[in-house]
Protein chains: 2
Amino acid sequence: MTRAGLTTERLVRAGAELADEAGFDQVTLSALARRFDVKVASLYSHLKNSQDLRTGIALLALEELADRAADALAGRSGKDALTAFANVYRDYAREHPGRYAAARLRLDPETAAASAGVRHARMTRAILRGYDLTEPDQTHAVRMLGSVFHGYVSLELSGGFSHSEPDSEETWSRVLDALDALLRNWPAR
Amino acid sequence: MTRAGLTTERLVRAGAELADEAGFDQVTLSALARRFDVKVASLYSHLKNSQDLRTGIALLALEELADRAADALAGRSGKDALTAFANVYRDYAREHPGRYAAARLRLDPETAAASAGVRHARMTRAILRGYDLTEPDQTHAVRMLGSVFHGYVSLELSGGFSHSEPDSEETWSRVLDALDALLRNWPAR
DNA sequence: TGCGATCCCCTAAATGCTTTAGGCAAATGC
DNA sequence: GCATTTGCCTAAAGCATTTAGGGGATCGCA
C-alpha cells in the first residue's frame, strides 16, 4: 500500500478548492477523503476535526487576501489606494467565493488575533492616512469601510444586484467615488 | 396516541427560536423533533425537507424585519427615517441573530421575488425620497445603504468591533451621520 | 545495511442527521 | 356510524463525524 502523501497543508489547500467549486458548506471530510482516494479516518492524523479544516481554510483565505491587498497598496495612496484595496476584496470574493465565505467564519479571539486579519486592519488604516482623519474618526472610518466592502461583496455574491439596472459594475464604481468624497469630507461630530 | 398538533407554521416558528438560541447551523429536523417530542419522520408531513425549514425561517425573518421597518418609517423622513430604518436592522439582528442569519440565506430567484425582501427594497427607496437623488444615483445609493447596514451588522455580530475603542455604539451613530452627509451631498459623476 | 522508532493510513464501530416507504389510528365530514 | 383524510408512527438506507487500535511503510541512526 503506497502512501497518499497527505499533509495538513495539502488538505487545507484542497479543502479551499472544494469550497470554491462546491460551496463552503459542502466542505466535508468525506468529500476531502474522496478527493485524495483515502479513508476518512486517515484525515484525522492531520486535522483535529472538521472544524479544524474549516478554520484552516479561513486562515488561508485571510493570508491570501492580505497578500493581495499588500501588493495592491504598494506605491498607491489616496483614492487610488482606496480603489485598489476595495477591488482586491471584491475580485477575491468573486474568484474564490468558497474561500471568501471561509474568511467570514467566526474565529475564536486568539486565533483571530494571530491571523492575517490583523494585517488587513492595519492596511485599511494605512489607506486612511491619505485622508485627513484623526482618532477616533479614523476608527469609525475603518469600520465603515470594512462594512461597505464586506456588505457589498456579500450582497453581490448572493445575487442581490444581478438582473437589474444599472449593472453592479457601475454601482461599485460610484460607491467608491462616494466613499472617497465622504472621507475627504468626513462630517464633524 | 394523542396528536402533537404540528403545522408548518408552528415548526417554522420553533425553528426560528431554535436558530436564535443555538445558532442557525444548529437548526436540524432532529433538534426540532426533539423539541416537539415527536419522531423526525413525522416532520416530513409538514416540511419538504430540512432546506424547506431553513427557507421558511428565512421568509419569516424577512417578513418580521419588513414589518418592523414599516412601523419605524411611519411618519418619519430624512435623517430621522434613515436612522430609524438602520436601527431596525441592527436591533433585529442583535435580538434574533439566528433569524438574521436565516434572512441572509440565498433564496432561489422566484422565492426571493415573492418574499418580503421586495418590500424592504421599496422602503429603502422611500427613505431616499428625503434626499435629492435621481436615477440611476438612487439605485446606487440603495445598494450602498444595503451594503453598509448588512456589512456593519454582520461584522458587529461576528465580534469584529468588540473589545476595542471606541465602542460600537458610537461608531454606528457616526456612520449614520456620515451616510446622511453623503446622501445630502452625493458626488456627481 | 540493518533495525528500531515513528508515522501514515487502514479497519471497525458508535453516534447522529436526512430522507423515503409504508402502516395504523385519530380526527373529520357526510 | 362509517369512509376518508390526516398525523404520527416504525423501519431502513445513506452519508458525515469521530474514536480506538493495528499493521505496514518510511526514516534516523548505528
Side-chain angles (χ1 to χ4, degrees), chain A residues 1-60 97-99 101-102 105-108 111, chain B residues 1-60 97-99 101-102 105-108 111:
Chain A
M1 179 77 57
T2 166
R3 298 195 180 185
L6 305 184
T7 64
T8 301
E9 161 93 20
R10 284 189 68 199
L11 289 175
V12 167
R13 207 161 284 282
E17 286 165 22
L18 188 57
D20 289 335
E21 291 163 18
F24 186 57
D25 51 345
Q26 295 305 304
V27 174
T28 69
L29 294 185
S30 298
L32 202 56
R34 272 193 293 277
R35 187 164 286 221
F36 282 94
D37 199 24
V38 132
K39 298 297 171 184
V40 179
S42 307
L43 306 183
Y44 281 82
S45 305
H46 309 278
L47 299 166
K48 267 207 352 270
N49 49 36
S50 71
Q51 182 54 44
D52 194 39
L53 170 63
R54 286 186 279 270
T55 301
I57 298 173
L59 294 176
L60 172 66
R99 283 158 152 97
L105 208 61
R106 181 179 197 140
L107 301 175
D108 68 280
T111 308
Chain B
M1 180 73 61
T2 167
R3 300 193 177 185
L6 306 182
T7 65
T8 302
E9 161 93 20
R10 285 189 68 200
L11 289 174
V12 168
R13 206 160 284 282
E17 287 165 21
L18 188 58
D20 288 335
E21 291 162 18
F24 186 58
D25 50 346
Q26 295 304 306
V27 174
T28 68
L29 293 185
S30 298
L32 202 55
R34 273 193 292 277
R35 187 164 284 223
F36 282 93
D37 199 26
V38 134
K39 298 296 171 184
V40 180
S42 307
L43 305 184
Y44 282 82
S45 305
H46 308 279
L47 299 166
K48 269 207 352 269
N49 49 39
S50 70
Q51 181 55 45
D52 194 36
L53 170 63
R54 286 186 279 270
T55 302
I57 298 172
L59 295 178
L60 172 66
R99 283 160 154 95
L105 208 61
R106 182 181 197 139
L107 302 174
D108 68 280
T111 306

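All values below come from the heavy atoms of this structure, side chains included, with hydrogens, waters and symmetry mates left out. The structure displayed is predicted, hence computed values, not measured ones. Chain A is the first sequence line, chain B the second, and so forth, proteins listed ahead of strands; every chain is numbered from 1.
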Practice problem: Output yes when at least one side-chain N/O atom of B:H46 is less than 4.0 Å from OP1 or OP2 of D:dT6, else no. | Solution: no
Quiz item: With sugar-phosphate meaning primed atoms plus P, OP1 and OP2, does A:L43 contact a base, only sugar-phosphate, or nothing at under 4.0 Å between heavy atoms?
Solution: nothing
Exercise. Mind calculating the distance between CG (A:N49) and C1' (D:dT17) to the nearest angstrom?
Key: 9 Å
Self-check item: Pairwise side-chain hydrogen bond (donor to acceptor under 3.5 Å, both in side chains) hits with a residue in residues 19-43 of chain A, at least two apart
Solution: A:D20-A:H96, A:D20-A:R99, A:E21-A:R35
Quiz prompt | Test item: B:L107 and B:T55 side chains (from C-beta on) under 4.5 Å apart, heavy atoms | solution = yes
Self-check item: Nearest-neighbour nucleotide for the A:A41 side chain, D:dT19, D:dT17, C:dT19 considered
Solution: D:dT19
Quiz prompt | Candidates C:dC10, D:dC8, D:dT19 - which lies nearest the side chain of B:V38 | solution = D:dC8
Quiz item: A:E9 has an atom CD; how far is it from atom C1' of C:dC8, in whole Å?
Solution: 18 Å
Practice problem: Under 4.0 Å between any heavy atoms, over every strand shown, what does B:S45 touch: base, sugar-phosphate, or nothing? Just pick one. | Solution: base
Exercise. Identify which nucleotide among C:dC9, D:dT17, D:dA20 has an atom closest to any side-chain atom of A:L29, counting heavy atoms from C-beta outward.
Key: D:dT17
Quiz item: What's the NZ-C1' distance between B:K39 and C:dC24, to the nearest Å?
Solution: 16 Å
Quiz item: Does any non-hydrogen side-chain atom of B:L29 lie less than 4.5 Å from one of B:Y44?
Solution: yes
Quiz item: Does the side chain of B:F36 come within less than 4.5 Å of B:L11's, by heavy atoms?
Solution: yes
Self-check item: Distance in angstrom units between B:D52 CG and C:dT18 P, rounded
Solution: 13 Å
Quiz item: So does A:S42 get a side-chain nitrogen or oxygen closer than 4.0 Å to the phosphate oxygens (OP1/OP2) of C:dC10?
Solution: yes
Practice problem: For B:R10 and D:dC8, give me the distance from atom CZ to atom P, rounded to whole Å. | Solution: 9 Å
Quiz item: Would you say B:R34 reaches C:dG16's phosphate, i.e. side-chain N/O to OP1/OP2 under 4.0 Å?
Solution: no
Quiz item: Starting at CG of A:L18 and ending at P of D:dA16, how long is that distance when rounded to a whole Å?
Solution: 11 Å
Self-check item: Phosphate contact (C:dT19 OP1 or OP2) by B:S50 side-chain N/O below 4.0 Å
Solution: yes
Exercise. Starting at atom CG of A:L47, determine the distance to atom P of D:dT19, rounded to an integer number of angstrom.
Key: 12 Å
Quiz item: In whole angstroms, how far is the C1' atom of D:dC15 from the CD atom of A:Q26?
Solution: 12 Å
Exercise. Would you classify B:T28 as touching base, sugar-phosphate or nothing, given that sugar-phosphate means primed atoms plus P, OP1 and OP2, and contacts are heavy atoms under 4.0 Å?
Key: sugar-phosphate
Quiz prompt | Salt bridge A:E9-A:R13, side-chain N to carboxylate O under 4.0 Å | solution = yes
